[in-house]
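First comes the structure, then the notes that go with it.
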Amino acid sequence: MSRESMPLQDLPCLGLQTSMLSQSRRINKRKSRSSLTEGLDTECTPSDLIQQWSPSHKHQRLISMGKENDQNQFVLARRSRRKTGPTSGISWDHLPEELLLRILFYLPLQDLLRMSRVCKRWNRLAFDESLWHSVDLEGLTHMGQALQQVLNIGVCRLRCPRSFVEETNFTGTGALQIVELDLSSSIIPTSALESIICRCTQLEYLSLEGLQLSDAIISSLSKNTNLLQLNLSGCSGFSAPPLADMLKSCSRIKQLNISWCDFSNDHVKSVVENLSSAVTQLNISGYRESLTLDDVTMLVTRCPQIQTLDLSDSTLLMADSFHVLKQLKNLLHLSLSRCYHIHLAALTDLGQMFPLLSLLEVFGLVHDSQLSSLKKELPRISINTRPFSSISRPTPACRPPGPASDRAMWNRTCRLRVKL
């Protein structure tokens, strides 16, 4: 074998080390011959001869830590190979994917993400859309990339209120599978929100409370004809015509919260003139100088099945509006807080006008000293028990206390959620 082709550990030593090595070999040969002749000349048993002629056993030398390179010696320590016995049971590699998906279904979000790093197969299974049906990302900061990944997986229920979404281009052109979406009070660029809503066609529950919207977003909502609950409270940035077209297309809406938006008179008329008769709960509060008696008349005519109605902060309404509201035979909950032109005496007639009425909110109209007398006049009606409206809100303020209810979205919690 040529010298160039030899492995490094087989190359002969050079210089002084070579001569010293050959000299030591000659000495060892002489010693071995002399020991052999001595064994033959003396009286020894066969076992003694075997021990003399056999090479000496190598003993393992223990080397203290940190002294491997003393006396210019470099020592490579080799660990003995572990003896592996026959494995019993079934290997994870042999399990069918249906069974693995069933096992992964019971893992929380953090553990599921750890499992995705094991191998390519588990990564593909960990991000199967069947495991990501409902996700709660509340509390996750800078969720742009995480939000995009969850949307592309095929999530159906997504909860991420009070979130911060940086300027991100959400890629993809296919339709999303989202049915329930809560982005309430989030900080998200309008362009990013447009790229999400324009791909939604199956929405049934949607909350965009407090967000800056656009005409394109409102127009995109028109494609979600199965919409049942819509919360646009405190929204701005869109005009009246797209709002009217959206309400015409989404004719199945049962709960609508469109309070305290940046509305003009045209916006209010677009709402009351295009609402569907399927509406049973409506919050149209906060329009001090925009909501008139004619608007209430149109509203009652188009939506006779209303059970919960919030007209708070409508300062143009007076007691004569009660005769119009009397047409709502199924009215259960009425809010007239801060409608300052309605006097206390007119409120005592509500028990006779609305035989099914059980809840009445009149915050700002009745002083504490007068509240007891009003309760005596209306004994079957609970007065001022709901300071905040729960219409179309995914997590109402009047929910029962508890950690599960704090993370609920329209009365159901999400299976996967971020734990901080």
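Only heavy atoms go into these numbers, but all of them, side chains included; no hydrogens, no water, no symmetry mates. Counting from 1, the numbers follow the sequence of the chain as shown. As the structure is a computational prediction, the values presented were derived from the model and not from experiment.
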*Between N384 and V362, is a side-chain contact (heavy atoms from CB on, under 4.5 Å) present by the stated rule, with each step listed?*
CA-CA 6 Å; N384 288 355; V362 286; 3.5 Å; yes

_Closest approach of E194 to S214 (non-hydrogen atoms, all atoms of both residues)_ = OE2-OG, 2.6 Å

*asked:* Once rounded to the nearest 0.5 Å, what's the spacing between atom SG of C303 and atom CG of L309?
replied: 9.5 Å

*Can you list the steps and then say if R338 with R288 is a side-chain contact (heavy atoms from CB on, under 4.5 Å)?*
CA-CA 10 Å; R338 295 169 297 278; R288 296 184 175 92; over 6 Å; no

_Side-chain heavy-atom pair Q255, L228 within 4.5 angstrom cut-off_ = no

*Who are the salt bridge (charged side-chain N to carboxylate O under 4.0 Å, His left out) partners of K223, not counting sequence neighbours?*
none

*W132 (side chain) donor-acceptor with A126 (main chain) under 3.5 angstrom*: yes

*Which atom names give the shortest non-hydrogen contact between I391 and N257, and what distance separates them?*
O-ND2, 3.1 Å

Donor-acceptor pairs under 3.5 angstrom involving side-chain atoms of residues 230-244: please list them, not counting sequence neighbours.
from	atom 1	to	atom 2	distance (Å)
N231	OD1	S233	N	3.2
N231	ND2	S207	OG	3.1
N231	ND2	E209	OE1	2.9
S233	OG	S259	O	3.4
S233	OG	S259	OG	3.1
S236	OG	Q212	OE1	3.0
S239	OG	D215	OD1	3.1
S239	OG	D215	OD2	3.1

*Measuring from S392:OG to N283:CG, what's the distance to the nearest 0.5 Å?*
8.5 Å

*Working to the nearest 0.5 Å, report the span between CG of L325 and CG of L334.*
6.5 Å

*4.5 Å side-chain heavy-atom contact, I178 and L203*: yes

_H341 side chain to L316 backbone, donor-acceptor under 3.5 Å_ = no

_Tell me the closest heavy-atom pair linking I196 and L147, and the distance in Å._
CD1-CD2, 4.0 Å

_Strictly by side-chain hydrogen bond (donor to acceptor under 3.5 Å, both in side chains), give each pair with a member in residues 155-164 just once, sequence neighbours left out._
D136-R159, E138-R159, E138-R162, R157-E180

*asked:* Below 30° counts as parallel, above 60° as perpendicular, anything between as tilted: where do the rings of F263 and Y287 land?
replied: parallel

*Does the side chain of D313 reach to within under 4.5 Å of the side chain of W260, using non-hydrogen atoms?*
yes

*asked:* Does any part of the side chain of L275, heavy atoms only, come nearer than 4.5 Å to the side chain of L282, both counted from C-beta?
replied: yes

*Roughly how far apart are L125 CG and S116 OG, rounded to 0.5 Å?*
11.0 Å

_Single hit among S186, S184, S185 for side chain to side chain donor-acceptor pair (under 3.5 Å) with D182_ = S184

*Where F322 and M353 come nearest, the two heavy atoms and their spacing*: CB-SD, 3.7 Å

*Can you find a heavy atom in the side chain of N224 that is under 4.5 Å from one in the side chain of L206?*
no

*Show your working on side-chain contact (heavy atoms from CB on, under 4.5 Å) between L101 and F105 and close with a plain yes or no.*
CA-CA 6 Å; L101 287 174; F105 180 82; over 6 Å; no

*If you look only at pairs with a residue in residues 342-361, which of them pass as a side-chain hydrogen bond (donor to acceptor under 3.5 Å, both in side chains), with sequence neighbours excluded?*
H333-E361

_Distance-only polar pair, side chains of T292 and D294, donor-acceptor under 3.5 Å_ = no

*Kindly indicate whether the side chain of L357, heavy atoms from C-beta on, has any atom under 4.5 Å from the side chain of L378.*
no

_Q281 backbone acceptor or donor facing T308 side chain under 3.5 Å_ = no

*Answer yes or no: is there a side-chain heavy-atom contact under 4.5 Å between E97 and R121?*
yes

*R114/D111 salt bridge by N-O under 4.0 Å criterion*: yes

*Please examine the side chains of I284 and L311, heavy atoms only from C-beta on, and report whether any two atoms are closer than 4.5 Å.*
yes

Distance-only criterion, 3.5 Å: show the donor-acceptor pairs between side-chain atoms of residues 247-254 and protein atoms not counting sequence neighbours.
from	atom 1	to	atom 2	distance (Å)
S249	OG	D245	O	3.1
R252	NH1	N226	OD1	3.0

*Write down the atom of V165, the atom of G144, and the distance for their closest heavy-atom approach.*
CG1-CA, 4.2 Å

*Between the main-chain N or O of V272 and the side-chain N or O of D295, is there a donor-acceptor pair closer than 3.5 Å?*
no

*asked:* Can a side-chain donor-acceptor contact be found between H267 and S264 if the only test is distance below 3.5 angstrom?
replied: yes

*Looking only at heavy atoms, which two atoms of T395 and A408 are closest? And how far apart?*
OG1-O, 2.8 Å

*side-chain contact (heavy atoms from CB on, under 4.5 Å) between W92 and V118: does it pass, once the steps are laid out?*
CA-CA 12 Å; W92 286 90; V118 174; over 6 Å; no

*How far does SG of C414 sit from CE of M409, to the nearest 0.5 angstrom?*
4.0 Å

*At what distance, to the nearest 0.5 angstrom, does CD1 of I381 lie from CG of L374?*
8.5 Å

*Which residues satisfy the side chain to side chain donor-acceptor pair (under 3.5 Å) test with S134, sequence neighbours excluded?*
none

